[in-house]
Each structure stands twice: as C-alpha cells, then as structure tokens.
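See structure below.
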Amino acid sequence: MNRKILPAVLVLLALCALLIFLGLRHDAAPAQGGNSPQEENQTQQTAVQEPITATLAVCGDIMSHTPQTNDAYDTATDSYSYLPCFQYVRPWIENADYAVANFETTLNGPPYSGYPQFCAPDALAYGVQAIGFDLVTTANNHCMDKGYNGLVRTLDTLDAAGLKHVGTYRTQEEFDANKGVVMADVGGISVAFLGYTYGTNGIPVAQDKNFSLNRFNTDYQAECVTLDQEKLKNELAYAESLNADLIAVMIHWGIEYQTTQNDYQNQVADFLISNGADLILGSHSHVPQPMGTRTVTLDDGTTRSGFVCYSLGNFVSNQSPATVNVNYTDTTAVLNLELTKNFETNETTVSNVNYVPLLVLNRGAGVQDQYLILDVNAAMAEYQAGNKALVTDAVYSKLEYALKGCHTILGEEYDTAGSPPASSAA
C-alpha cells in the first residue's frame, strides 16, 4: 500500500469506530429524566384510566298556564321573565353536569294562551336555559297546540336561546340527520337521547309532515295502546350504532293524575330496555310516579336492566290541589342520576340515585313573584330555624305534605335528606 495513503486510512477507521461507539451508547442509555421506549410501552399498557363520574339532573313538566304568564310580566319594562320563579331551585340545575326536562308548551309568539292549547312567551326558553338546563324534550301532547307552524317556531326559539331539543323536527332532513337521536356529553360520558310522546290530544299530524313528531304509538289519535315496535327498534338500533355510553329515552306516557304507572307503561319500558335503553325518563302524569331499576329477560334467557323514572310531575305549573283538586300536582323533584364510566370494564352504570323534593308554591294572585319552586328540605330548615318571612305556618304544612308525597311515591331512601348546595336554601 502507498505509504502516503496509509495515515489517511487509519484516521478514517478511527473516526468510524468512534461514531459506532457513540451510537451504541445512545441506544443503550435512556433519555435523561425518562424511561426507555420499552419501559414507556409497558407503562402505557398497565396504566388504567380512573373512572369518570358525572351527574345528570332530570326534571318534570315545564308549563306556563295563563296565571304564570301574567306573573312573569313586568309592566315597568314591558317584558317577561321567569327567573324569579326558579331562584331557589337554580343551584341544583346549575351544579349538574347536564340537565334535562319536558318542555310542555309552544312558543308561537303573542297572543299567549294557557290550557287547553298552550303558548308561552319566548322568555320561558331563555329562563330555562339561563338556570342551567341543557336539553328539553318537545315531544308531548301539547307540542301541536299551535299546529306545525307553532312547532317550528318553538324549535327556532329554543335554538336562539341555546337549548338543545329532542322529539320534534322542522324538516325530514333534520330528522334524517340523526334519526331523532341527540348525542350529549354529560361530564365526559356520552349519552344518546331520544324523545317520544303517546299522542297529541287528538290533533292530527299532517301526512306530509309525518317527520315532525316522534310518537311511540301507531294509534296516536285513538286508543294509544299500539306500540310502534318497528320505529322504536330502528331508532334504538341507530342510537346503539353511535357507541354512546348510555341510551336515554325521554317519553311522554301514562295516565294524568295517577301516582302509579299502569300496565302499558311497564310493557313499553320493558320493550325499550330490551332494545337497548339504559335510562327511561317519563313525563305527562302531572304528579310524581315511582322510579327504580327494572330488569327484563331477553329471548336468549339473559337479562338486561335499565333505570326507569315514570314521572316527576310538574316542574312548574299553575296546578295544585287548590286549582285542580288533585293531590301532589304541586309536588315534584330534581332527580340526580350519578353516572360512572369504568374504563377497565368499559361499562357505564347508574352508580347512585337521589332526588331533591320540591314544592311549586302558588302564593296567590296579586303577590309579586307569585310562583316559587321551593327546595322542600331547605325551606323547612329555614322555618325550623325561625325564619318565617317566606315559609309561613300554612306554607310549612304544604312542604310537609310535599315531602310525604315524595317519600311515599319516589322512595324516602333516595331523598337528599337536606344536603343541598348552600345557595339553594329558601
């Protein structure tokens, strides 16, 4: 070999050896302050995300009879506001991760009207949204009170107020976009909501507007006892295809003023649970009805369970024993469903159930803020502490009766037992 070339070759070999050595050290040593790729992969495989817990608040019928509409009017500003009525129950709605109710009136603009064909000021929607409600079902027996145009304007107004809605639709395309399913993020837990009504008080839905209202009966203008199994199966199957953690059906059903569910409600509940419903949230009776877990046996012999609340009565209305001669029409509750998602088992369950007993207090005509929704436990505690400015002896008797009704119908074991947020006391 040429002697002049030899030194250059030796230098080149030395550089190669050094580079190889440094490369081996880099591969062998973990990054400063971290783990090796192998260790990081093992950590990712063994780490399990902690369960998520969230609260879904459920309320009953939101109504506006004519005396309520009059009470909401402010002559000084020539405007309407329902916020004073909600002031004592508001914290329970705001503190939930998600809150739902039945919106049982239309928003068709003036002139306003009460029973039998409801039309409330737009302020009702804005007030409901302001206190923390996220979604309302509009599928009920009064949604067609002002016809298809009233149904459309109601949805337009709810949209403007920032309230999601389920159960009624403006166009076929609007329904087809999600098959009537509204997906909601409830504190990190996905819930698919569907909404249905038994009927429309005999008001027909035009054939070319059949898409506008979800009905669970095929005979919605007659006996209302023939379940539309094909529709329900298809829409529940679609909800399952979305891979929601839970499926919730908001349903308008049952017999008015009955404090227990009837056989047909049980049949409908069983069908819904069998076909994928995890939560069934009922309305229409205007008085509370029972709640609890219901288990059905499937065709293959396995069982499936769902939580059913048959009704929570009137969240707000003019109805009371004095106005309609029916007990518990002024008795209601905020139902708090604790939902837990377990990432290890990939299951989401109702991990806890409690409710806040409420009384819709009608203070009489001519009184400012005639209607107030009172937290029963908190208001009774105020009275017992000597504060009788709002809770008089007569009001206290009504609170006691409402509490008895809630305990008898909904179950005393689910009562929050007087532990509301501090700001909700009357």
Side-chain angles (χ1 to χ4, degrees), residues 59-90 93 101-133 136-138 140-143 145-146 150 153-154 157-158 161 163 201 252 256-257 283-288 311-326 328-334 358-376 379 390 395 398 402 426:
C59 295
D61 304 332
I62 297 172
M63 309 189 75
S64 189
H65 292 86
T66 297
Q68 293 171 262
T69 303
N70 294 338
D71 183 50
Y73 180 67
D74 185 344
T75 56
T77 61
D78 188 27
S79 63
Y80 291 85
S81 175
Y82 290 82
L83 290 178
C85 176
F86 301 136
Q87 57 186 296
Y88 298 120
V89 72
R90 180 172 186 163
I93 311 303
N102 170 45
F103 197 81
E104 196 159 353
T105 182
T106 68
L107 303 171
N108 196 44
Y112 305 122
S113 57
Y115 181 83
Q117 293 185 319
F118 288 93
C119 179
D122 295 353
L124 181 60
Y126 287 89
V128 166
Q129 189 278 334
I131 66 169
F133 281 101
V136 294
T137 176
T138 47
N140 53 62
N141 61 311
H142 286 289
C143 65
D145 280 1
K146 299 298 178 179
R153 191 184 183 283
T154 300
T157 305
L158 293 173
L163 268 174
N201 291 341
H252 210 64
E256 290 183 333
Y257 311 127
S283 58
H284 177 58
S285 61
H286 302 301
V287 292
S311 177
L312 289 168
N314 295 317
F315 180 69
V316 63
S317 80
N318 180 57
Q319 292 188 326
S320 70
T323 59
V324 294
N325 197 32
V326 178
Y328 302 128
T329 45
D330 56 358
T331 298
T332 184
V334 177
L358 302 176
L359 171 72
V360 183
L361 177 63
N362 182 344
R363 303 170 69 200
V367 177
Q368 186 177 8
D369 302 334
Q370 178 179 346
Y371 298 90
L372 298 171
I373 307 173
L374 299 183
D375 175 333
V376 170
L390 175 61
V395 171
K398 293 181 180 180

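For this chain, numbers begin at 1 and follow the sequence in order.
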Side chain to side chain contact (heavy atoms under 4.5 Å, CB included), that's the test. Do Phe315 and Leu358 meet it? Break it down for me. CA-CA 8 Å; Phe315 180 69; Leu358 302 176; 4.1 Å; yes

What's the verdict on side chain to side chain contact (heavy atoms under 4.5 Å, CB included) for Ile373 and Leu359, showing C-alpha distance, side-chain angles and the deciding distance? CA-CA 6 Å; Ile373 307 173; Leu359 171 72; over 6 Å; no

Could you check Ile93 against Val334 for side chain to side chain contact (heavy atoms under 4.5 Å, CB included), going step by step and ending with a plain yes or no? CA-CA 8 Å; Ile93 311 303; Val334 177; 4.1 Å; yes

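Across all non-hydrogen atoms, the minimal contact from Ser311 to Gly313 is OG-N, 3.1 Å. The minimum heavy-atom distance between Asn140 and Phe103, with the atom names listed, is ND2-O, 2.9 Å.
When the shell of 6.0 Å around OH of Tyr115 is examined, it contains 12 or fewer heavy atoms from other residues, nucleotides or ligands.
When each of Asp61, Asp330, Thr332 is checked for a side chain to side chain donor-acceptor pair (under 3.5 Å) with His286, only Asp61 meets the rule. A side-chain contact (heavy atoms from CB on, under 4.5 Å) with Cys85 is found for one member of Leu372, Asp369, Val316 and no other, namely Val316. With Asn362 as reference, Gln370 is the one residue of Lys398, Gln68, Gln370 to meet the side chain to side chain donor-acceptor pair (under 3.5 Å) rule.
Side chain of Asp145 to backbone of Phe118: a donor-acceptor contact under 3.5 angstrom is found. For the pair Arg363 (side chain) and Gln368 (backbone), a donor-acceptor distance under 3.5 Å is present.
Between Thr69 and Pro121, some side-chain heavy-atom pair lies under the 4.5 Å cut-off. Residues Val287 and Thr331 are not in side-chain contact: their nearest non-hydrogen atoms beyond the backbone lie 4.5 Å or more apart. Put simply, the side chain of Tyr257 reaches to within 4.5 Å of the side chain of Gln319, judged on heavy atoms.
Between Arg153 and Asp122, at least one side-chain nitrogen of the basic residue sits less than 4.0 Å from a carboxylate oxygen of the acidic one, meeting the salt-bridge criterion.
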